[in-house]
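The analysis underlying the following values was restricted to heavy atoms, covering all of them including side chains, and did not include hydrogens, waters or symmetry mates. The residues of the chain are indexed from 1 along the displayed sequence.
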Amino acid sequence: MIFIKLPDWIPVKQSKLLAAPVLIIMMLAMMVLPLPAFALDILFSFNICLAIIILLTSLYTVKVLDFLAFPAILLISTMLRLSLNVASTRVVLTDGHTGPDAAGKVIEAFGHFLIGGNYTVGIVVFVILTIINFVVVTKGAGRIAEVGARFTLDAMPGKQMAIDADLNAGLIGEAEARGRRKEVAQEAEFYGAMDGASKYVRGDAVAGIIIIIVNILGGLIVGMLQHNMGFEDALKNYTLLAIGDGLVAQIPGLVISTAAGVVVSRVATDQDVGTQLISQLFAKPEVLFITGGIIGGMGLIPGMPHISFLLLGAVLGAGGYVLQQRKTRINVAEPEAGPATVPEIEEATWQDLIPIDTLGLEVGYRLIPLVDTGQGGVLLRRIKGIRKKFAQEIGFLSPPVHIRDNLELRPSAYRITLKGVEVGKGEANSGQYLAINPGMVTGTLSGVTTTDPAFGLPATWIDGSQREQAQMMGYTVVDVGTVIATHLNHLITTYASELLGRQEVQQLMDHLAKDIPKLVDDLIPKMLPLGTVQKVLQNLLSEGVHIRDMRTIIETLAENASRTQDPGDLTAVVRVALGRAIVQQIFPTEDELSVMALDSKLESLLMQALQASGTDAPGIEPGLADTLVVQTEKAAKHQEQLGVTPVLLVPAPLRALLARFLRRALPQLRVLSHAELPDTKTIKVTSLVGGKA
């Protein structure tokens, strides 16, 4: 026995890679090189076999992605039929005068047995098959593929957002999310490819009509002029050959077109098409009984074909009876099975609790491209930049922003949530720009008037063509992504104290322990609990004080922890230690600090109230409280007109009291104590609260 071994340089796996190029080269060769009749028989038989395989594969396909190569197969099978048409045309016109078997036995069989040797019947059958293929099957499949591609592309952002939401919620892992995204992309590509491939099938039907006409006319010319055949003999001979050639190509084309329609028209379930048809079309015995009764009644009408109608009605009635008996047995068997067959409702567990996102951004469907990585997602990059800038400026890393779409919002609306509660919302018109009026513009713009969602400034939504004009007028022009990012950044900074949870403080301490491990270990938990340190840091952040200088904060807490454990007292001493940083944050370059101060009488009244209560939160008499708020607002407006930040300078014992009391009415006001001011700074009192400047 002789064994033949392939050379080592031809791996078996590469044979699959060579299949497609070899097939394409063979199809091109069939268009150029003459083929004998026997080779045509083999190739036409293979074409019919391939069409049946494609149809059965499409019927047993559960998901369209299981037959992802179908568009390419559709194109290759179409090119194969056209190549065979060209090769058979050459043989028909060359040797057609010798008889009906000149182009092979397959064409002869289709010419004689399928159309009875009558070329008139053959032409009619061929025209009918072509019309069915071109007008009904191919056109319908192409339309379904076109609509499917459009809806699949429209649904892609929502599917991607749903996958990201499941990933962010921890319902799926990164590998599964990656696989789902790949399936979504492949599904869109499949329907897009099917939309294009269906055009080839329609073109093939048109080409079949043209080829049969050319074969008949060309055969008449060749037979009569070159082979001296009579008109009737030439017409009969070449027409039968042309019709047989057309049918042997159009029947597989009709089969493959049907397969294309089956693939694109099915609804995705866990069943193949055949199972769906049987389980859904013949599922109800009532339908079979009624249909059988109607057909049987038609069979009793005089003049009707009684045997066929009555026989079919009896078959439908018997089928309905069998189906009803089967359902009865199933219903009887179910109670006998007992409670074990009834699925029990699972007990609630802690896994049913879905944690609330600390920071969330919900967008309407028109804003999905801003947060979709597949469509650019410029807002995602800006959010990453916001968190990085926040960490560098404020002093800790904010929680991640979980983004999801919300169909309950208006298409261009968005909302920002903090621990599940809305803290900000707005609208951003995709494709337009927001022209913000900073107060020094030279004209007005045509557009939708609105307000800047972050700072409440007057603004106008404009088209891109007005952008340069708005900038020349003094407007600040920003795109949609910048509008949302600025609003988000403003809210993160505003609610920084609420974002600093116990977990963030622990992570901050762990990070600091890498550089100053001894200092951190001595403070927590030996001298102060983690909760007290968290409260001190939150007190600082609530008044806009950055906590970047954690070394100074920790050292100050360690020095004073033995004296007091009260977070308020510790916050006060930390503020004094951070005095230079606080002043520099408010007055970056000025050596002379323009501040507001309390009138001496008002200051005395507040000090007396503080001493009488024995606490830093005394009850202020209502009339005095109203006067304090009104006078402070008036002085703050005067400071803003001078172009400086409104800062109220008070004695140290009153600082915490007034900061809490005035924060709600004047969120932009900064309250400093005399102890917090560096000795190198000069103080200039520009307004008095409760008196005259």
Side-chain angles (χ1 to χ4, degrees), residues 536 539-545 556 560 563-564 566-693:
V536 171
N539 290 341
L540 295 172
L541 292 171
S542 64
E543 294 193 51
V545 178
T556 305
N560 294 273
R563 182 180 59 85
T564 179
D566 182 68
D569 295 338
L570 292 173
T571 302
V573 295
V574 170
R575 285 183 61 93
V576 174
L578 296 176
R580 283 194 301 270
I582 295 174
V583 172
Q584 183 177 351
Q585 183 181 336
I586 302 172
F587 303 100
T589 58
E590 293 86 349
D591 291 330
E592 184 180 67
L593 309 182
S594 299
V595 299
M596 304 180 298
L598 295 175
D599 179 69
S600 57
K601 294 182 180 180
L602 179 59
E603 184 177 313
S604 299
L605 288 175
L606 293 174
M607 290 295 292
Q608 290 174 6
L610 181 63
Q611 293 172 0
S613 64
T615 176
D616 61 349
I620 303 178
E621 191 272 329
L624 178 60
D626 292 340
T627 301
L628 180 60
V629 172
V630 172
Q631 292 290 333
T632 306
E633 287 181 346
K634 181 178 179 181
K637 290 181 180 179
H638 181 257
Q639 290 287 96
E640 292 176 349
Q641 292 174 356
L642 295 176
V644 295
T645 304
V647 175
L648 178 62
L649 187 63
V650 300
L654 294 176
R655 199 214 67 80
L657 165 65
L658 294 179
R660 284 196 300 269
F661 179 72
L662 297 172
R663 185 184 306 164
R664 186 179 298 274
L666 298 168
Q668 76 279 12
L669 177 67
R670 308 297 293 272
V671 182
L672 303 181
S673 70
H674 294 285
E676 296 170 359
L677 298 182
D679 297 336
T680 57
K681 299 293 184 179
T682 303
I683 301 174
K684 179 183 178 182
V685 179
T686 56
S687 300
L688 282 178
V689 177
K692 297 182 179 180

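Rounding to the nearest 0.5 angstrom, the gap separating the CG atom in L602 from the OG1 atom in T627 is 8.5 Å. Taken from CG in L677 to CD1 in I683, the straight-line distance is 4.5 Å, to the nearest 0.5 Å. Note that OG of S600 is 13.0 Å distant from CE of M607, once rounded to the nearest 0.5 Å. Taking CD of Q639 as the start and OG1 of T632 as the end, the distance is 11.5 Å to the nearest 0.5 Å. Between H638 atom NE2 and T686 atom OG1 the span is 6.5 Å, to the nearest 0.5 Å.
For residues 577-587, the pairs satisfying side chain to side chain donor-acceptor pair (under 3.5 Å) are H546-Q585, with sequence neighbours left out.
Looking at residues two or more places apart in sequence or on another chain, you find no side-chain contact (heavy atoms from CB on, under 4.5 Å) involving R664. Residues satisfying the side-chain hydrogen bond (donor to acceptor under 3.5 Å, both in side chains) criterion with R655, sequence neighbours excluded, are E543. Partners of T556 by side-chain contact (heavy atoms from CB on, under 4.5 Å), not counting sequence neighbours, listed by chain and number: T552, N560, V573, V574, A577. By the side-chain hydrogen bond (donor to acceptor under 3.5 Å, both in side chains) test, E633 pairs with no residue at all, sequence neighbours left out. Scored by the side-chain contact (heavy atoms from CB on, under 4.5 Å) test, A581 finds no partners at all (sequence neighbours excluded). Partners of A652 according to the side-chain contact (heavy atoms from CB on, under 4.5 Å) rule, which considers only residues two or more places apart in sequence or in another chain, are S673.
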Check: residues 588-598 side-chain donor-acceptor pairs under 3.5 Å, at least two apart:
none

Please tabulate, for side-chain N and O atoms in residues 640-647, each donor-acceptor pair with protein atoms closer than 3.5 Å (sequence neighbours left out).
none

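Heavy-atom minimum distance, Q631 versus V689: CB-CG1, 3.7 Å. Shortest non-hydrogen contact noted between D599 and L688 is N-CD2, 4.5 Å. Taking all atoms of both residues into account, the shortest heavy-atom contact from L658 to L648 is CD1-CD2, 4.4 Å.
Side-chain atoms of L666 and Q668, non-hydrogen and from C-beta on, do get closer than 4.5 Å to each other. In this structure, the side chains of L672 and R575 come closer than 4.5 Å at one or more pairs of heavy atoms. The shortest distance between side-chain heavy atoms of E603 and V650 does not fall below 4.5 Å. Contact check for V583 versus E676: no side-chain heavy atoms found under the 4.5 Å cut-off.
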